[in-house]
2 protein chains.
Amino acid sequence: MRIGELAERAGTTTRTLRYYESLGLLPARRTGNGYRSYDEDDLRLLQQIRVLQDFGFELEETRPFVECLRSGHPAGDSCPASLEVYRRKLAELDECIGRLSAIRERVGTQLAQAELARAQLEAAATAPEGAPEPRCELTPPRP
Amino acid sequence: MRIGELAERAGTTTRTLRYYESLGLLPARRTGNGYRSYDEDDLRLLQQIRVLQDFGFELEETRPFVECLRSGHPAGDSCPASLEVYRRKLAELDECIGRLSAIRERVGTQLAQAELARAQLEAAATAPEGAPEPRCELTPPRP
DNA sequence: TCTGGCCTTGACGTCAGGGTCAAGGTCTAC
DNA sequence: GTAGACCTTGACCCTGACGTCAAGGCCAGA
């Protein structure tokens, strides 16, 4: 199969496949006229890459899985190197989730405080004599 | 104060300050010789930017806070536009955390299954006659 | 033969947030 | 008067994962 068909079947683009080849991740055989030629195994490699990409793996991190499949293993994660990547990724994910959660807390707190402060300001401004609401003087968008 | 001093006091670099100025985020006055000139208010603006950056805000997202401070408000988050950014960021964070958590689950499951499969493979390979461990034939790193 | 669709390589653009030089102007201290 | 520290602009470089041309080759159908 040629590059266009593989791209379509894998739900990606020809540009992406050429990019993967430039990284040595998914090399292609060539037909007589120079066209890239792929088979069903290549489709499986590509699907492995895309699944891991969906997990947020970087392309370089998918390499052990691809090599594993290419060396004849039934699954990309049958090899120790792949398991190692899984473990590293789990640790990364945990750290990332932890960091984001901490930030979420802080932003939430900031928002609550700022909302409270605004409510108090408005109350103070409305109470005396129906004074005009304290407005935020943002610079108007330039045309 | 000049750009070098402001950069040092804010714990950033002169390049960064010039970059912010190029975005219109932190414009500078100029002295007679063309040097940028900053005051304590600029330092506060800059600190506001850095705090939000630490929260993972993009520079464009810090703009409402900076404008708010510049328009004379005591805090960068006193203005509705800033609160809106807070809320949007909270939603983004929640979505991101949710997505990462889901992926974490799936990767964890994959790892567990793959480890189990490997253990079974090794057991099967060791049992018969102490056969050589099934090795993953990764291509050796090229020099 | 022509048209249209696929393919090729190569090169440049994108996004954020700057890093790093280069070439030169300015200011202060000695 | 000169060294050295500071400043200026402009320009190119980096990361990741491609998108988007440009210019041309190959092939099938009418």
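Since we're looking at a predicted model, the values are computed, not measured. Reminder, nothing fancy here: chain letters follow the sequence lines and each chain counts from 1.
One interatomic measurement links the two molecules: CG of A/Leu25 to P of D/dA17, which rounds to 10 Å at whole-angstrom precision. Distance B/Leu23 CG to C/dC15 C1': 13 Å, rounded to the nearest Å. Here D/dC7 presents its P atom at 10 Å from CG of B/Leu6, a figure rounded to the nearest Å. Going from atom CD of B/Glu5 over to atom P of D/dC6 covers 11 Å, rounded to whole Å. In this structure, CG of A/Leu26 is placed 12 Å from P of D/dC18, rounded to the nearest angstrom. Atom CD of B/Glu8 and atom C1' of D/dC6 are 12 Å apart (whole Å). Taking atom CD1 of B/Ile3 as the reference point, atom P of C/dG18 lies 13 Å away to the nearest angstrom. The CG atom of B/Leu46 sits 14 Å away from the P atom of C/dG17 (whole-angstrom rounding).
Contact between the side-chain N/O atoms of B/Thr13 and the OP1/OP2 oxygens of C/dG19 is found at a separation under 4.0 Å. For B/Tyr20 and C/dG17, the shortest distance from a side-chain N or O to OP1 or OP2 is not below 4.0 Å. One finds no side-chain N or O of A/Ser22 lying less than 4.0 angstrom from the OP1 or OP2 phosphate oxygen of D/dA17.
For A/Glu8, the CD atom is loosely surrounded, since the number of other residues' heavy atoms within 6.0 Å does not exceed 12. Counting non-hydrogen atoms of neighbouring residues, nucleotides and ligands closer than 6.0 angstrom, the CD atom of A/Glu5 exceeds 12 such neighbours. In the displayed structure, A/Arg106 atom CZ is contacted under 6.0 Å by at most 12 heavy atoms of other residues, nucleotides or ligands.
No side-chain heavy atom of A/Lys89 sits less than 4.5 Å from a side-chain heavy atom of B/Gln110. Counting heavy atoms from C-beta on, the side chains of B/Asp42 and B/Arg29 come closer than 4.5 Å.
Residues of residues 51-62 of chain A having a heavy atom closer than 4.0 Å to DNA chain D, listed by number: A/Gln53, A/Glu58, A/Leu59.
Rounded to the nearest 0.5 angstrom, B/Leu111 CG and A/Arg87 CZ are separated by 5.5 Å. Note that CD1 of A/Ile49 and CG of A/Leu17 are 9.0 Å apart. Values are rounded to the nearest 0.5 Å.
B/Val51 and B/Leu46 end up in different hydrophobic clusters when Ile, Leu, Val, Met, Phe, Trp and Tyr side chains are linked at under 4.5 Å.
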- Item | salt bridge (Lys or Arg N to Asp or Glu O under 4.0 Å) assessment of A/Arg30 paired with A/Glu21 | CA-CA 12 Å; A/Arg30 299 295 179 125; A/Glu21 181 173 346; 3.2 Å; yes
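A salt bridge is defined here as a Lys NZ or Arg NE, NH1 or NH2 lying under 4.0 Å from an Asp or Glu carboxylate O, and A/Arg99 with A/Glu95 meets this definition.
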Check: protein-nucleotides 26-29 of chain C nitrogen or oxygen pairs below 3.5 Å:
unit_1 : atom_1 : unit_2  : atom_2 : d
C/dT26 : O4'    : B/Tyr35 : OH     : 3.2
C/dT26 : O3'    : B/Asn33 : ND2    : 3.4
C/dC27 : OP1    : B/Asn33 : ND2    : 2.9

Considering only nitrogen or oxygen atoms on both sides, find all protein atoms under 3.5 Å from nucleotides 9-11 of chain D and state each distance.
unit_1 : atom_1 : unit_2  : atom_2 : d
D/dT9  : OP1    : B/Arg30 : NH1    : 3.1
D/dT9  : OP1    : B/Arg30 : NH2    : 3.0
D/dT9  : OP2    : B/Arg36 : NH1    : 2.7
D/dT9  : OP2    : B/Arg36 : NH2    : 2.6

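Annotation for B/Ser78 and A/Arg118: closest pair O-NH1, 2.7 Å, computed over non-hydrogen atoms.
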